Amino acid sequence: MSRYTASDIEQKWQAAWDKADVFKARRDESKPKYYVLEMFPYPSGRIHMGHVRNYTMGDVIARFKIASGFSVLHPMGWDAFGMPAENAAMAIGGHPKTWTYGNIADMRAQMKPLGLSIDWSREFATCDPEYYGQQQAMFIDFMAKGLVYRKNAVVNWDPVDMTVLANEQVIDGKGWRSNAPVERRELTQWFFKISDYSEELLEALDGLHNWPEKVRTMQANWIGKSRGLQFSFNLTEPAGSFDSVEVYTTRPDTLLGANFIGISPDHPLARALEAENADLAAFNAECRRMGTSEADMEKAEKKGFDTGLRVKHPLDDSWELPVWVANFILMDYGTGAIFGCPAHDQRDLDFSRKYDLPVVDTFFALDDDTPVADLAFVPPKTERVKWVNHFAGLDIATGQEAIDATIDWAEEKGWGKGVTNYRLRDWGLSRQRYWGCPIPVVHCEDCGVVPEKKENLPVELPDDVTFDLPGNPLDRHPTWRDCACPACGKAAKRETDTMDTFVDSSWYFARFTSPRATTPTDAADADYWMNVDQYIGGIEHAILHLLYSRFFARAMNITGHLPDKAIEPFNALFTQGMVTHEIYVTRDERDRPVYHLPEDIEWHESGARLGATGEEITVVPSAKMSKSKKNVVDPDDIISSYGADTARWFVMSDSPPERDVEWTAAGAEATHKHLGRVWTLSDRISKMSADDGGNGDDDLTRATHRAIRDVTEGIESFAFNKAVAKLYEFTNTIAKSKAGVAAQKTAIMTLAQLMSPMTPHLAEDIWARQGGEGLVVNAPWPKPDPAMLVEDTVTLPIQVNGKRRSEIAVPVDMSKEEVEKLVLANDAVKKALDGGAPKKLIIVPGRIVNVVI
RNA sequence: GCGGGCGUGAUGGAAUGGUAGACAUACCAGACUUAAAAUCUGGAGGCCGUAUGGCCGUGCGGGUUCAAGUCCCGCCGCCCGCACCA
């Protein structure tokens with residue numbers, strides 16, 4: 001008897017697919033097209049189980065669509081620019097390019113054995129000059145349309161390493177290598193005008209029906225549209241050139257509860273006051289030492305500094321309020337100045353208690369007049385509340401009504417104006433680093449900032465650079481930096497900033513439609529293949545990557561690189577969960593965690609112990625795989641011990657794809673055994689003789705059609721775990737069936753087809769051994785026969801007062817009246833009724849019966 | 001801190017508001033074997049009971065409903081994002 005040997009069959013069928021070139025995406029106008037895309041990987045050097053799961057999901061969809069008659073585009077590439085390559089160059093020497101292309105080769109070699117239905121002829125890396133040159137061309141087009149500009153912005157500056165740090169490189173306010181306190185430094189940087197599209201990006205979210213609701217909500221909150229009132233508080237005495245402070249508030253209705261004016265440490269007034277106030281200068285300096293990230297600022301202790309300035313309340317000239325500088329006010333949002341209203345804002349309340357500022361209630365709950373103590377009263381804006389002496393004449397009204405009325409009132413009186421604000425800021429794309437796409441502009445003393453001529457693109461990164469000195473190698477590369485001005489020809493200097501890697505990933509999906517075109521896209525190809533019908537990736541990209549890509553699609557549209565229909569480039573989005581694995585932890589003498597590899601653990605009845613020392617191990621389940629925690633499972637190992645189909649089947653089973661899945665060695669082993677059972681089952685059926693009779697043909701045929709229906713439904717609805725469960729069930733049904741050879745053969749071939757998106761190699765092998773025609777990858781997807789799906793009886797559970805007490809089997813189409821008779825005749829019901837009549841009898845046809853007594 | 005999500009047996013999970021635990025893992029028992037592994041058959045949420053059966057049970061506390069894992073309110077825990085990680 002032959003056995004299931006994954007390594008043999010997987011190589012064989014991969015070679016067969018290559019030979020038939022089955023995954024080549026062809027522009028075939030006679031077929032509907034389907035574009036499935038998984039977020040492309042960063043070439044870190046090794047693929048991990050998360051990649052396997054991500055790409056297998058896309059592969060299941062791609063193969064299902066091929067079988068369903070679509071012309072499928074399923075490409076793969078590399079998000080290849082970014083910091084790790086430079087970090088590697090600094091740590092181990094060598095060049096980022098060598099490191100990156102080496103990693104790509106390694107990862108491609110690891111991915112190929114998975115048998116993914118990828119059209120590798122379209123592969124590219126974002127660090128290929130052919131790719132980033134086209135990106136530069138688009139940048140120049142964006143400049144021409146006014147979508148790009150320069151302004152000053154702050155960066156994290158490491159004063160020891162003399163370099164700009166990313167937020168993640170700032171740890172507790174210090175540089176990750178130097179450990180020196182990080183400073184904020186202002187640089188002139190490049191920006192995309194994404195804020196021009198705030199309203200459109202927000203409104204268009206409503207049309208993204210096949211995106212997860214949570215992603216749309218997160219994007220809407222990120223864009224952060226708000227309507228509020230902008231108005232000024234006049235200073236009691238002018239301070240320098242300032243005679244007022246302009247504030248923006250979304251709760252102007254609470255103006256009578258104001259108790260202080262807060263301004264950002266970066267507010268022009270705060271900066272002006274620094275000159276004469278050393279204490280304030282020190283306070284502002286301290287604020288500026290905080291990280292630049294919003295999370296850092298929000299988490300920091302709320303602190304303020306009383307400037308001594310006073311303003312007049314706009315509703316009452318005799319009422320004066322102090323002006324404080326506060327570390328939690330962002331200069332980027334609104335006017336960089338607010339009024340504090342402690343009764344209805346927890347942060348303002350904490351601040352006021354800390355600095356002993358008065359707290360004034362402006363409204364109460366309808367049934368509770370208790371003044372605010374330590375908990376601000378912040379009801380939903382839709383809740384009706386009772387106003388204390390409201391200036392616009394309100395008595396009982398909701399917050400929203402009060403806001404609207406106040407804005408109208410203030411506009412009428414002429415002391416404020418209603419303003420719509422967005423939280424979304426322009427996209428700063430400058431990076432002071434080498435390994436990125438050079439920004440294709442030249443700085444000329446006479447002409448200013450001039451875009452490079454398109455015929456000179458790509459502006460290619462120079463190879464002769466070193467990373468032994470701090471800072472950006474482009475900055476100290478005179479022969480690269482010095483150039484001729486594209487406008488006047490005089491000596492000029494190149495821009496040395498490179499682009500944020502989010503730029504690279506904001507249009508790669510469009511490039512895949514025509515990856516070798518000598519323009520960013522090809523109109524006919526983009527028109528045929530766009531949009532991406534199914535995009536698959538991690539939830540961590542819910543906001544930035546997806547929002548930037550949506551902006552880019554619009555920018556590419558107005559610069560003629562994408563058709564109108566591609567303004568929203570992703571028709572459907574699916575966000576998959578992570579692959580996790582237990583971690584094994586002991587503690588060192590200073591109680592710091594020490595992680596151990598799975599192979600160093602011994603399992604005893606008392607629990608897990610470290611093999612070498614017998615030390616007790618704490619097992620932490622469901623931890624994200626990471627090298628530092630030593631819980632990474634290498635797909636290579638799994639493929640060499642069990643085969644790709646086992647890895648693919650495992651990551652599709654059990655957990656719903658949007659949730660995390662825990663990798664377990666036992667699960668992998670069991671998966672492999674199951675595939676072996678399927679293979680053996682097929683082997684047994686292929687040896688049945690033609691005249692083997694049998695019984696239960698009809699049952700098996702019905703089970704086959706139910707399996708087709710259920711598995712198809714599972715795949716279409718991204719419920720791969722349920723599809724897999726149905727396939728287990730169907731396999732068990734076939735294994736137990738005593739049906740004749742024809743029915744069994746049909747069943748096993750159908751099983752092979754239904755499994756083929758998940759375990760394509762095994763499916764091909766079974767298909768071929770059963771005498772299937774051609775390759776299963778090209779076989780049309782089976783359709784269930786409706787006649788074989790009809791059930792004639794149904795089991796109705798009977799509840800008494802909501803608790804299940806019995807059940808009856810009835811014909812599907814039995815009338816309510818007849819069901820009622822049967823229910824009342826049921827022993828359990830009679831016993832419960834004890835001769836009485838039910839209060840109510842609820843019959844949900846085909847579902848359930850509830851007797852209320 | 002702010003925004004978003006998740007929480008069901010020992011474990012991963014299933015369940016258009018309608019029989020909670022499909023399917024699978026681990027486990028237990030039986031068959032085969034000198035034995036083990038593999039394979040096959042069967043069992044199984046917890047508690048009580050020989051059993052028919054009963055009570056309890058979907059993170060915690062309330063509520064709506066004939067009926068709640070599912071809907072609503074309030075907590076707790078974990079995960080993701082917070083604009084220079086990708």
Side-chain angles (χ1 to χ4, degrees), chain A residues 39-42 44 79 81-84 153 155-156 164-170 189 194 212-222 224 292-302 328 332 346-347 423-433 500-502 504-505 538-545 547-548 575 577-578 580 621-622 624 653-656 658-662 664 666-667 669-671 673-674 676-677 680 719 721-722 724-729 732 735 795-807 838-842 844 846-853:
Chain A
M39 290 179 185
F40 66 165
Y42 179 79
S44 59
D79 189 14
F81 275 134
M83 294 199 305
V155 293
N156 300 306
V164 176
L165 297 178
N167 283 337
E168 69 153 15
Q169 297 173 315
V170 180
Q189 307 203 60
I194 190 173
E213 187 67 43
K214 62 178 170 183
V215 174
R216 290 189 284 159
T217 308
M218 279 191 261
Q219 291 216 352
N221 289 339
W222 184 262
T292 52
S293 85
E294 198 168 298
D296 283 345
M297 303 189 64
E298 297 270 338
K299 273 190 274 193
E301 188 191 344
K302 307 297 175 284
F328 55 86
D332 287 322
Q346 192 60 43
R347 192 169 58 183
R423 207 184 70 101
L424 180 64
R425 308 199 292 260
D426 279 333
W427 172 8
L429 68 113
S430 287
R431 297 293 180 270
Q432 295 70 40
R433 291 182 229 288
D500 177 8
T501 55
F502 272 124
D504 312 335
S505 55
I539 185 69
E540 66 272 22
H541 295 293
I543 297 174
L544 292 180
H545 163 61
L547 194 62
Y548 289 158
T575 56
M578 295 182 300
T580 61
S622 305
K624 185 175 180 169
S653 46
D654 291 352
S655 281
E658 67 276 15
R659 254 198 258 177
D660 292 352
V661 63
E662 174 117 345
T664 62
E669 175 77 33
T671 298
K673 280 183 194 170
H674 173 72
R677 273 195 293 274
T680 312
N721 57 322
K722 285 189 256 173
V724 166
K726 294 293 178 189
L727 287 165
Y728 270 110
E729 214 169 70
N732 292 340
T795 304
L796 283 185
I798 300 176
Q799 295 182 333
V800 175
N801 286 342
K803 283 179 187 278
R804 201 194 78 95
R805 283 294 117 99
S806 184
E807 62 181 34
K839 254 190 219 157
K840 208 170 176 183
L841 189 61
I842 292 149
V844 185
R847 302 293 310 185
I848 203 164
V849 176
N850 193 7
V851 185
V852 186
I853 57 175

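Computed from a predicted structure; not experimentally measured. Here is the naming used below: chain letters follow the sequence lines, and residue numbers restart at 1 for every chain.
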(message) Rounding to an integer number of angstrom, what distance separates A15(B) and A22(B) when you compare their C1' atoms?
(response) 8 Å

(message) Tell me every residue that passes ring pair (Phe, Tyr, Trp, His ring centres under 6.0 Å) with His541(A), counting only those two or more places apart in sequence or in another chain.
(response) His545(A)

(request) Sugar-phosphate means primed atoms, P, OP1 and OP2; the rest is base. With that split, encode nucleotides 3-9 of chain B 5' to 3' as B, S or - using protein heavy atoms under 4.0 Å. (result) SSS-S--

(message) Please classify the nucleic acid contact of Pro212(A) as base, sugar-phosphate, or nothing, using heavy-atom distances under 4.0 Å.
(response) nothing

Polar atom pairs (N or O), protein with nucleotides 16-23 of chain B, under 3.5 Å:
unit_1	atom_1	unit_2	atom_2	d
U16(B)	O4	Arg847(A)	NE	3.3
A22(B)	O2'	Glu729(A)	OE2	3.3

(request) With sequence neighbours excluded, tell me which residues meet side chain to side chain contact (heavy atoms under 4.5 Å, CB included) with Pro838(A). (result) Leu824(A), Leu833(A), Val851(A), Ile853(A)

(request) Please work out the stems of RNA chain B from pairs that are Watson-Crick or G-U wobble with both distances under 3.5 Å, keeping only runs of three or more consecutive pairs. (result) B:1-7 with B:76-82, B:10-12 with B:23-25, B:27-31 with B:39-43, B:45-48 with B:53-56, B:59-63 with B:71-75

(message) Under 4.0 Å, counting only non-hydrogen atoms across every strand here, what does Ser505(A) touch: a base, just sugar-phosphate, or nothing?
(response) nothing

(request) Please work out whether the ring planes of Tyr548(A) and Trp427(A) are parallel, tilted or perpendicular, with thresholds of 30° and 60°. (result) parallel

(request) Looking only at non-hydrogen atoms, find the nearest pair between Arg847(A) and Pro797(A) and report the distance. (result) O-CD, 3.2 Å

(request) For Phe328(A), answer base if it contacts any base atom (sugar-phosphate contacts may also be present), sugar-phosphate if it contacts only those atoms, and nothing otherwise; contact means non-hydrogen atoms under 4.0 Å. (result) nothing

(message) I need the CG-P distance between Asp296(A) and C2(B), as an integer number of Å.
(response) 16 Å

(request) Measure across Val164(A) and Arg433(A) and return the closest heavy-atom pair with its distance rounded to 0.1 Å. (result) O-NH1, 3.4 Å

(request) Kindly write out the residues that satisfy side chain to side chain contact (heavy atoms under 4.5 Å, CB included) with Gln799(A), not counting sequence neighbours, or none if the list is empty. (result) Ile848(A), Asn850(A)

(request) For Leu424(A) and C82(B), give me the distance from atom CG to atom P, rounded to whole Å. (result) 14 Å

(request) Using the P atoms only, state how far U16(B) lies from U70(B), rounded to an integer number of Å. (result) 13 Å

(request) Please work out if Gly224(A) contacts a base, only the sugar-phosphate, or nothing of the nucleic acid, heavy-atom cut-off 4.0 Å. (result) nothing

(request) With C1' as the reference atom in both, quote the distance from A44(B) to A26(B) in angstrom, rounded to an integer. (result) 12 Å

(message) Using the C1' atom as the point on both nucleotides, what is the distance between G3(B) and U58(B), in whole Å?
(response) 28 Å

(request) Using the P atoms only, state how far C76(B) lies from C60(B), rounded to an integer number of Å. (result) 15 Å

(message) Could you tell me if the side chain of Met297(A) sits less than 4.5 Å from the side chain of Phe328(A), heavy atoms only?
(response) no

(message) Counting only side-chain nitrogens and oxygens, does Ser655(A) get under 4.0 Å of the OP1 or OP2 atom of G13(B)?
(response) yes

(request) Return the set of residues passing side chain to side chain contact (heavy atoms under 4.5 Å, CB included) with Lys299(A) (not counting sequence neighbours), or none when no residue passes. (result) Ala295(A)

Please tabulate the protein-to-nucleotide N/O contacts below 3.5 Å involving nucleotides 39-42 of chain B, giving atom names and distances.
none

(message) As a test of reading the structure: which of C84(B), C55(B), U25(B) is closest to the side chain of Arg805(A), going by heavy atoms?
(response) C55(B)

(message) Minimum heavy-atom separation for Met83(A) and Ala166(A), please, with both atom names.
(response) CE-CB, 3.8 Å

(request) Mark yes or no for whether Asp79(A), through its side chain, and Tyr42(A), through its backbone, hold a donor-acceptor pair below 3.5 Å. (result) no

(request) For G61(B) and G69(B), measure between their P atoms and round to the nearest Å. (result) 14 Å

(message) Tell me every residue that passes side chain to side chain donor-acceptor pair (under 3.5 Å) with Arg216(A), counting only those two or more places apart in sequence or in another chain.
(response) Glu213(A)

(request) Identify whether any heavy atom of Leu841(A) sits under 4.0 Å from a base atom; if not, whether one sits that close to sugar-phosphate; answer base, sugar-phosphate or nothing. (result) nothing

(message) Once you apply a heavy-atom cut-off of 4.0 Å, does His541(A) come out as touching a base, just sugar-phosphate, or nothing?
(response) base

(request) Could you state the atom-to-atom distance from CG of Leu165(A) to P of C84(B) in whole Å? (result) 14 Å

(request) Please state the P separation for the pair C27(B) and C71(B) - nearest whole angstrom. (result) 36 Å

(request) Verify the contact: side-chain N or O of Arg425(A) to OP1 or OP2 of A83(B), cut-off strictly under 4.0 Å; return yes or no. (result) no

(message) From CD of Glu294(A) over to P of C84(B), roughly how many Å is that when rounded to an integer?
(response) 11 Å

(message) Could you work out, with side chain to side chain donor-acceptor pair (under 3.5 Å) as the rule, every residue matching Trp222(A), not counting sequence neighbours?
(response) none

(message) With a 4.0 Å cut-off on N to O distance, would you call Lys722(A) and Glu729(A) a salt bridge?
(response) no

(request) Remember a base hit wins even if backbone is also touched, and classify Glu669(A) as base, sugar-phosphate or nothing at under 4.0 Å, heavy atoms. (result) nothing

(message) Between C1' on C84(B) and CG on Asp426(A), what's the gap in Å once rounded to a whole number?
(response) 16 Å

(request) Take the protein atom CG of Leu547(A) and the nucleotide atom P of G81(B), then report the distance between them rounded to whole Å. (result) 16 Å

(message) Looking at the base of C84(B), is there any donor atom on it, or on the side chain of Gln189(A), that sits under 3.5 Å from an acceptor on the other one?
(response) yes

(message) Within the 4.0 Å heavy-atom criterion, would you say Arg216(A) contacts the bases, only the backbone, or no part of the nucleic acid?
(response) nothing

(request) Kindly write out the residues that satisfy side chain to side chain contact (heavy atoms under 4.5 Å, CB included) with Ala725(A), not counting sequence neighbours, or none if the list is empty. (result) none

(request) Syn or anti for G9(B), please, going by whether the chi angle lies within 90° of 0. (result) syn

(message) Work out how far the P atom of U33(B) is from that of A37(B), and round it to whole angstrom.
(response) 15 Å

(request) Measure the distance from OH on Tyr548(A) to C1' on C85(B) and round it to the nearest whole Å. (result) 13 Å

(request) Could you tell me whether Ala542(A) contacts a base, only the sugar-phosphate backbone, or nothing, with contacts defined as non-hydrogen atoms closer than 4.0 Å? (result) nothing

(request) Give a yes/no answer on whether the side chain of Ser653(A) brings an N or O atom under 4.0 Å of OP1 or OP2 in A24(B). (result) no

(request) Could you tell me which residues satisfy side chain to side chain donor-acceptor pair (under 3.5 Å) with Ser655(A), sequence neighbours excluded, listed by chain and number? (result) none

(message) Nearest whole Å is fine: how far is C84(B) P from Phe502(A) CZ?
(response) 8 Å

(request) Among C84(B), G1(B), A83(B), find the nucleotide with the atom closest to the side chain of Glu298(A). (result) G1(B)

(message) Ignoring hydrogens, what is the shortest heavy-atom contact between Asn721(A) and Ser653(A)? Give both atom names and the distance.
(response) CB-C, 4.2 Å

(request) Identify the two heavy atoms, one from Gln219(A) and one from Ile543(A), that lie closest to each other, and give their separation to 0.1 Å. (result) NE2-O, 3.6 Å

